[in-house]
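What follows is a set of notes on a single structure, which appears directly below.
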Amino acid sequence: MPKSPSPEFRLPPRPLQADGRPRRVGVEIEFIGPSARLAATALAAGLGGRLAEEDPHAFRLEGTALGDIRVELDLRAAHPQRRAQVPGVVPGLPVRAAGRSLAALLSPVVPREVITGPLPLAQLPEVDRLAALLQGAGGRGRGAVLLGSLGLHFNVEPPDCEAATLTGLLQAYLRSEPALRKATAAGGFLAARGLPPPFPAAYVAQVLDPGYRPDLDGLARDYLAANPTRHRGLDLLPILAHRDEAGVRAALPPDEKVSPRPVLHYRLPQAHIGLAGWSLAPAWNLWVGVEELAEEMGALAGR
């Protein structure tokens, strides 16, 4: 039987940053099945690199064919060393022991997560190899579990961080969101149930108003007022916090997780590690469609 052709990963209309550097994207893939240790060992065998343990449920792979990679249980309480309340203070043994006990108890139902560093867009097809290695190690999952989604997140560097560019991408996403949600939830009831909540209708109307052209302060102010959460299909908290971390954290609940970095956190897609031959390409190409729509809308608006 002839081998199926590799899926095509399309490039966005603006594949370069404003300074001419190739844009990059980081990928997060959630799955169930093998422990973080077993998954990290399998990735090290297939991709090379050095394996380092942060805690019994979190591992780093350094210098692989896909750069540095983290593999960990997607449970903050399992990694208490990251949550020291005072800079430079590491939680004591009782706290760490409690975290490990909780992780051992919940690991059968809490997903594991693989997180790559920023990769050139041209390397995205190679992440399919990473997914195949996870499946070969016993990785499972078809988009969602009883407790929620199995996320496939793209941390996309925008062409630039200007207000017009970010607003245009947000507007294109909001116009596309109903169709994107329908396509993502095609896996059934659990897949639909696991999707992050849609943007509030009033906020959608505000942003899609033809006269909505905020500066960066206005974009951040409006976004945080309507969305003080990372649970959106297109999460702008990382890029807003990269610009003004104190202002963003002040607008969020104390326990909300945010990692400042200059990326758009596209968290609507779902991972299907348990599906033979599964590729990231269809989900990525849907995002490229959002960027194409943003370009069309910008041209019509004279931006």
Side-chain angles (χ1 to χ4, degrees), residues 26-43 54-59 69-80 82 98-116 127-155 177 180-198 229-235 237 255-259 265-284 286-287:
V27 181
E28 304 172 23
I29 304 175
E30 294 182 352
F31 62 96
I32 54 175
S35 67
R37 183 186 300 276
L38 287 175
T41 301
L43 292 182
E54 180 181 340
D55 66 49
H57 301 280
F59 297 84
I69 297 171
R70 299 197 337 252
V71 185
E72 58 193 48
L73 189 68
D74 190 20
L75 181 70
R76 276 190 283 175
H79 318 294
R82 301 178 183 174
R100 292 175 182 178
S101 298
L102 183 63
L105 178 66
L106 295 180
S107 60
V109 294
V110 173
R112 264 61 79 190
E113 185 174 28
V114 171
I115 306 164
T116 77
V127 185
D128 275 354
R129 180 184 171 202
L130 182 154
L133 289 169
L134 289 176
Q135 187 183 79
R140 308 190 313 276
R142 294 289 297 272
V145 291
L146 287 175
L147 297 180
S149 177
L150 289 174
L152 167 64
H153 300 171
F154 294 102
N155 295 305
E177 186 174 51
L180 292 172
R181 294 177 68 86
K182 184 176 180 180
T184 304
F189 170 76
L190 281 180
R193 182 173 171 269
L195 293 178
T229 173
R230 73 184 189 279
H231 294 295
R232 294 287 185 262
L234 182 60
D235 171 20
L237 293 183
D255 61 345
E256 186 60 273
K257 180 181 176 182
V258 58
S259 300
H265 190 187
Y266 178 44
R267 51 180 297 134
L268 189 64
Q270 295 176 332
H272 292 259
I273 288 294
L275 181 63
W278 175 70
S279 171
L280 285 69
W284 168 253
L286 287 174
W287 170 257

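Heavy-atom basis, side chains included; hydrogens, waters and symmetry copies ignored. One-based numbering along the sequence shown.
- We find the CZ-CG distance between Arg129 and Leu43 to be 10.0 Å, quoted to the nearest 0.5 Å.
- Contacts of Ala281 classified as side-chain contact (heavy atoms from CB on, under 4.5 Å), with partners at least two apart in sequence or in another chain: Pro7, Phe9, Ser279, Asn285.
- Arg37 pairs by the salt bridge (Lys or Arg N to Asp or Glu O under 4.0 Å) definition with Glu53, not counting sequence neighbours.
- Here Tyr266 pairs with Trp287 under the ring pair (Phe, Tyr, Trp, His ring centres under 6.0 Å) rule; sequence neighbours left out.
- The backbone N or O of Val110 sits nowhere less than 3.5 Å from a side-chain atom of Asp74 that would complete a donor-acceptor pair.
- The distance from atom OG1 of Thr184 to atom CG of Leu268, rounded to the nearest 0.5 Å, is 4.0 Å.
- Applying the side-chain contact (heavy atoms from CB on, under 4.5 Å) rule to Glu28 yields the partners Glu113, Ile115, His153, Asn155, Arg261, His265; only residues at least two apart in sequence or on another chain are considered.
- Within the 4.5 Å cutoff, no side-chain heavy atoms of Val258 are placed close to those of Arg230.
- Judged by distance alone, with hydrogens and angles left aside, the side-chain atoms of Arg112 form a donor-acceptor pair with the main-chain N or O of Pro34 at under 3.5 Å.
- Listed by chain and number, the residues in a side-chain contact (heavy atoms from CB on, under 4.5 Å) with Ala40 are Leu51, Phe59, Val71 (sequence neighbours excluded).
- With values rounded to the nearest 0.5 angstrom, Leu237 atom CG is found 10.0 Å from His231 atom NE2.
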Would you be so kind as to tabulate the donor-acceptor pairs closer than 3.5 Å made by side chains of residues 130-137, with sequence neighbours excluded?
unit_1: Gln135; atom_1: NE2; unit_2: Ile273; atom_2: O; d: 2.7
unit_1: Gln135; atom_1: NE2; unit_2: Leu275; atom_2: O; d: 3.3

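- The nearest pair of heavy atoms linking Ala36 to Glu72 is CB-CA, 4.0 Å.
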Practice item. With side-chain contact (heavy atoms from CB on, under 4.5 Å) as the test, would you mind laying out the steps for Val114 and Phe31 before giving the verdict? Key: CA-CA 8 Å; Val114 171; Phe31 62 96; 3.7 Å; yes
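- Listed here is the closest heavy atom pair of Arg267 and Arg232: CG-O, 2.7 Å.
- Counting all heavy atoms, side chain and backbone alike, Gly233 lies closest to Glu177 at N-OE2, 4.5 Å.
- Ala271 and Glu30 make their closest contact through CB-O, 3.4 Å (heavy atoms, listed as atom of the first residue, atom of the second, distance).
- Separating the CD1 atom in Ile29 from the CG atom in Leu150 is a distance of 11.5 Å, to the nearest 0.5 Å.
- Closest approach of Ala283 and Pro269 over heavy atoms only: CB-CB, 3.8 Å.
- Nearest heavy-atom pair across Ala183 and Leu286 is CB-CD1, 4.2 Å.
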